[in-house]
Participant: 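This is the structure I want to talk about, given as structure tokens.
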Amino acid sequence: MMNSAFDQLDTRVQKWVYKQGWDTLRDIQEMSIAPILAGKTDLVISASTAAGKTEAAFLPACSAIANNKDGFGILYISPLKALINDQYRRLEGLCDDLDMTVTPWHGDSLQSRKKKAKQDPEGILLITPESLESMLMRESGWLVSAFENLKYIIIDEYHAFIGSERGCQLQAVMHRLECLLERQTSPIPRIALSATLGDMDGVLDYLRPSKSIPCELIVGKQSQSSLKMQVRGYEEKEPDTSEVSDEEISDIKTAEQQIALDLYDVLRGDSHLVFANSRQRTENFAVMLSDLCEKNHVPNEFFPHHGSLSKELRTDLESRLQKETLPTTAVCTMTLELGIDIGKVKSVAQVTAPHSVASLRQRIGRSGRRDTPAILRMYITEKELNANSCVGDKLRLELLQSLAMIRLLLMEKWYEPSDTHLYHFSTLLHQILAVIAQWGGVRPDQLWALLCKEGFFGAVTVEHFKQLVSQMGGLNLIIQIGSGELVLGELGEQLVGHYSFYAVFKTPEEYRVVVEGKTLGTLPIDSVILPDSYIVFGGRRWIVLDVDVEKKVILVSPAKGGKPPKFGGGGMSVNDRIRKEMFDIYSSGDYKISSNGAKLDFLDSAGKGLFHEGLSFYKQKDLKNNHLIQQGSSVHVIPWMGDRIVNTLYAMLAQSGFDVDCSAGVIEVEKAQLSTVQKALKSFTSMSRTTNADLAKHVRNKIIEKYDHLLPEELLNLSYGERAFDVRSTVKWLYEMGL
DNA sequence: GACCTGCTGCGGTTTG
């Protein structure tokens with residue numbers, strides 16, 4: 001371990017490292033020491049889970065503040081309360097040895113601990129962006145003294161912030177803090193810890209848009225651990241009700257039931273994760289697998305885990321996984337994708353195509369124990385074909401997308417870049433209110449300089465800003481007083497005064513699901529649940545006793561039967577690169593992965609059958625050369641491009657009066673002739689002066705972010721248009737297609 | 001055809 005970087009650490013930190021029994025530091029830990037101790041640059045540390053990012057940041061940062069006396073030396077910001085609690089436990093030992101205080105500070109942390117830290121701020125503060133926002137708004141005077149010796153800001157799970165509303169708020173809050181502490185000329189170094197990211201340059205720009213100090217990048221070596229993988233195909237049969245009796249029908253298994261049987265056989269007896277993509281499917285698989293345990297008279301080891309389940313149910317399952325004493329399979333959504341400490345599991349199963357390549361990678365990373373390979377099993381269902389099958393089914397698009405994502409991950413090492421060019425006017429409105437609340441009154445030019453000029457609402461022009469401020473005046477959110485300063489209006493006071501103000505993202509209204517006084521979790525208010533109906537929730541079956549609309553409570557009692565409720569949710573977006581890869585696979589007729597000159601096959605025989613069905617339809621229609629085909633009375637447009645371009649084509653066709661439908665990247669134009677649609681598409685090439693906002697004018701529901709309903713129509717069209725459409729790329733594509 | 005995250009101050013009850 002003797003090397004110069006390690007020698008620069010505080011001796012007590014060195015001793016702590018020896019005490020852990022580590023013979024060497026990991027590569028990222030070693031590389032981080034010099035730049036962090038120098039403290040002249042920002043830093044992005046990018047590596048996969050369990051590569052030691054936390055220590056890479058904290059070993060040198062703690063060394064640098066080891067002799068600080070007054071005030072917090074390190075401000076650590078995390079997107080999750082659970083992660084703050086995990087990190088507190090991880091840092092306790094090291095900080096004990098340094099005689100340094102660590103204070104976890106979020107909505108659920110102890111009042112006593114917060115009080116102590118307020119009287120004697122010292123060492124490390126672990127906090128959420130929302131709690132930091134509340135400190136800025138309510139205690140900015142105290143902040144100035146508590147942070148007077150602040151040396152570092154460490155941001156954990158940085159990829160979770162990039163491009164989102166919370167990311168916007170985080171940047172604004174960090175910048176406001178730097179201004180409050182008058183540190184513009186000696187900026188506080190920001191250290192961002194992140195999973196492997198798609199677009200590194202974008203990430204470096206995003207961390208400090210003003211670029212007042214440079215940003216360095218440290219990337220961990222890709223882990224060499226091997227991966228065992230199989231994709232399995234299933235066909236959903238249409239039951240032929242004419243020739244079989246009712247009894248026989250009940251014997252026919254749906255594809256999901258068959259998948260549950262296969263999962264039961266292969267997973268029972270060890271610990272695994274099953275990612276099922278939606279809360280409804282998660283509940284369904286958890287209960288099917290539990291039923292199989294009951295039927296076979298063995299103890300249940302399959303449990304659901306998702307964001308609508310109560311904290312208690314979730315932590316029980318997390319700690320059961322962590323203990324590693326009982327075989328445990330969690331059927332889960334992205335709640336177990338990253339962050340929380342559950343140790344490693346033997347294998348990961350993915351039911352239906354993953355939402356993104358980035359998330360597929362995170363999921364695989366959860367599997368594989370010491371010296372054993374990671375194992376991924378993917379279960380894909382396609383519908384049995386008949387005379388009425390749609391083009392998407394005939395092309396076997398879900399299977400094809402899964403194959404494309406696996407190839408992009410393993411062969412190209414490609415992940416989706418985050419979208420950092422959105423407007424986020426909703427968050428800007430929030431920040432205007434927050435800054436006014438912090439200072440009491442602010443001049444419009446000061447607001448503009450603080451929030452927009454420095455760059456994190458960079459796409460916002462002075463004109464946009466004026467429009468927004470005047471709209472806010474009209475709505476009585478703010479008032480301009482004689483001195484020209486803006487202060488809170490009546491509605492503004494109301495919003496800012498309620499505790500729900502601090503979070504900048506939108507949350508739907510929910511019912512609580514309660515059994516005998518114990519809360520199992522929540523359901524969205526628009527899911528229709530009636531008394532006496534049967535539901536599946538938390539992996540068990542219930543009958544609904546009562547629905548209290550006033551108190552928003554659903555009372556349940558154990559029962560047999562029932563189905564998982566719908567949880568609702570928005571749409572998803574597939575990137576151009578994935579659709580192009582899908583096109584390439586069918587064009588070459590080969591989905592296999594090349595490795596050292598060999599072709600690796602990873603598809604089971606049923607999956608191969610489905611693949612060849614899709615491929616033969618592709619060839620029959622010559623889709624390599626035709627992006628438009630006539631099927632009966634409908635014309636199908638198949639661009640093999642991402643959802644932004646598909647949405648744009650869809651909107652253009654709809655506004656030209658066509659009857660259109662869209663699914664999985666295929667647009668169906670009903671009751672139309674090929675030549676008519678072709679002519680229409682050709683005419684769109686002259687639409688390059690149409691803006692994304694123009695297309696958004698015709699969209700009915702554009703309310704996506706928390707304060708969208710308070711925005712002027714023009715700004716709402718702008719932000720929705722940029723999110724959903726891409727006219728320029730669409731016109732370019734139309735030209736390239738020779739249209 | 002989707003998923004996830006967070007916030008206050010105070011009043012009540014339980015525990016040491």
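Order of the sequence lines fixes the chain letters, A, B, ..., with proteins taken first and strands second; residue numbering starts at 1 for each chain. Please read all numbers here as calculations on a predicted model, not as lab measurements.
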Participant: Distance check needed: B:dG6 P versus A:Glu157 CD, whole Å only.
Facilitator: 12 Å
Participant: Between A:Gly107 and A:Arg281, who's closer to the 5' end of DNA chain B by nearest nucleotide?
Facilitator: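 The 5'-side residue here is A:Arg281.
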Participant: Taking only N and O in the side chain of A:Arg279, is any of them less than 4.0 Å away from OP1 or OP2 of B:dC3?
Facilitator: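 For B:dC3, OP1 or OP2 has a side-chain N or O of A:Arg279 closer than 4.0 Å.
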Participant: For A:Gln169 and A:Tyr502, which heavy atoms make the closest approach, and how far apart are they?
Facilitator: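 Nearest pair, atom of A:Gln169 first, then A:Tyr502: NE2-O, 3.0 Å.
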Participant: Between atom CG in A:Leu132 and atom C1' in B:dT5, what is the gap in whole Å?
Facilitator: 16 Å
Participant: Classify A:Ser131 by what it touches in the nucleic acid, base, sugar-phosphate, or nothing, heavy-atom distance under 4.0 Å.
Facilitator: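 Sugar-phosphate: the residue A:Ser131, judged by heavy atoms under 4.0 Å, touches backbone atoms but no base.
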Participant: Between protein and nucleic acid, restricted to nucleotides 14-16 of chain B and to nitrogen or oxygen atoms under 3.5 Å apart, what atom pairs and distances do you find?
Facilitator:
none

Participant: Would you indicate which nucleotide in B:dC4, B:dC7, B:dG1 comes nearest to any side-chain atom of A:Arg579?
Facilitator: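 Of the candidates, B:dG1 comes closest.
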Participant: Below 4.5 Å, heavy atoms only, C-beta onward: do A:Arg577 and A:Leu408 meet side chain to side chain?
Facilitator: yes
Participant: Compare the minimum distances between each of B:dT5, B:dA2, B:dG1 and the side chain of A:Arg166, then state the nucleotide with the smallest one.
Facilitator: B:dT5
Participant: Respond yes when some side-chain nitrogen or oxygen of A:Thr128 is under 4.0 Å from OP1 or OP2 of B:dC7, and no when none is.
Facilitator: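 Looking at the OP1 and OP2 atoms of B:dC7, one of them is under 4.0 Å from a side-chain N or O of A:Thr128.
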Participant: Give the rounded distance in Å between these two atoms: CZ of A:Phe161 and C1' of B:dC4.
Facilitator: 12 Å
Participant: Going by side-chain contact (heavy atoms from CB on, under 4.5 Å), A:Tyr158 matches just one of A:Leu207, A:Leu193, A:Ile191, A:Ile77. Which one?
Facilitator: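 Exactly one candidate clears the test, A:Leu207.
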Participant: Do A:Val513 and A:Thr522 come within less than 4.5 Å of each other through their side chains, counting heavy atoms only?
Facilitator: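 Counting from C-beta outward, A:Val513 and A:Thr522 never come under 4.5 Å.
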Participant: Could you state the NZ-P distance from A:Lys311 to B:dC4, rounded to the nearest angstrom?
Facilitator: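 Distance check: A:Lys311 NZ to B:dC4 P gives 17 Å.
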Participant: Quick test of the criterion, 5.5 Å between centres and less than 30° between planes. Is A:Phe505 stacked on B:dT5 or not?
Facilitator: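 A stacking contact exists, since A:Phe505 sits close and nearly parallel to the base ring of B:dT5.
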Participant: Need to verify one output field. Residue with the more 5' nearest nucleotide on DNA chain B, A:Ala353 or A:Tyr502?
Facilitator: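 The residue closer to the strand's 5' end, by nearest nucleotide, is A:Ala353.
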Participant: Which part of the nucleic acid, if any, lies within reach of A:Arg363 when heavy atoms closer than 4.0 Å are counted: base, sugar-phosphate only, or nothing?
Facilitator: nothing
Participant: Which nucleotide, B:dG6, B:dG1, B:dT8, lies nearest any side-chain atom of A:Ser134?
Facilitator: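 When the side chain of A:Ser134 is considered, B:dT8 is the closest of B:dG6, B:dG1, B:dT8.
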Participant: Rounded to the nearest Å, what distance is computed from the CG atom of residue A:Asn85 to the C1' atom of nucleotide B:dG6?
Facilitator: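 Distance, rounded to whole Å: 14 Å.
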Participant: Measure the distance from CD on A:Gln169 to C1' on B:dT5 and round it to the nearest whole Å.
Facilitator: 11 Å
Participant: From the list B:dA2, B:dG1, B:dC4, which nucleotide is the closest neighbour of the side chain of A:Gln401?
Facilitator: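 For the A:Gln401 side chain, the nearest candidate turns out to be B:dG1.
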Participant: Under 6.0 Å from the ring centre and within 45 degrees of the ring axis: does the NZ or CZ of A:Lys118 meet both conditions for the six-membered ring of A:Trp142?
Facilitator: yes
Participant: Is the side chain of A:Asn386 donor-acceptor paired with the backbone N or O of A:Ser389 at a distance under 3.5 Å, no angle test?
Facilitator: yes
Participant: Of the nucleotides B:dC7, B:dG1, B:dG6, which has the atom closest to the A:Thr507 side chain?
Facilitator: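 Among B:dC7, B:dG1, B:dG6, the one nearest the side chain of A:Thr507 is B:dG6.
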Participant: From the options B:dT5, B:dT8, B:dC3, select the nucleotide whose nearest atom is closest to the side chain of A:Lys114.
Facilitator: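 Of all the options, the side chain of A:Lys114 is nearest to B:dT8.
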Participant: Specify the separation, in whole Å, of atom NE2 of A:His305 and atom P of B:dC3.
Facilitator: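 The distance from NE2 of A:His305 to P of B:dC3 comes to 15 Å, rounded to the nearest Å.
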Participant: So what does A:Ser164 hit on the nucleic acid, given a heavy-atom distance under 4.0 Å: a base, only sugar-phosphate, or nothing?
Facilitator: nothing
Participant: For A:Tyr586 and A:Phe611, I'd like to know if the aromatic rings sit close, meaning centre-to-centre distance below 6.0 Å.
Facilitator: yes
Participant: Using a heavy-atom distance cut-off of less than 4.0 Å, which residues of residues 494-501 of chain A contact DNA chain B?
Facilitator: A:Tyr499, A:Ser500
Participant: Quick one: does A:Gln401's side chain have a donor or acceptor within less than 3.5 Å of a partner on A:Glu398's backbone?
Facilitator: no
Participant: Taking side chain as C-beta onward, heavy atoms only, is A:Lys394 less than 4.5 Å from A:Val391?
Facilitator: no
Participant: Please report the interatomic distance CD(A:Glu337) to CZ(A:Phe275), rounded to the nearest 0.5 Å.
Facilitator: 6.0 Å
Participant: Starting from C1' on B:dT5, measure out to CG on A:Asp156 and report it in whole angstrom.
Facilitator: 14 Å
Participant: Can you sort out the partners of A:Asp659 under side chain to side chain contact (heavy atoms under 4.5 Å, CB included), two or more places apart, ordered by chain and number?
Facilitator: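 Checked A:Asp659 against side chain to side chain contact (heavy atoms under 4.5 Å, CB included); matches are A:Glu670, A:Lys671.
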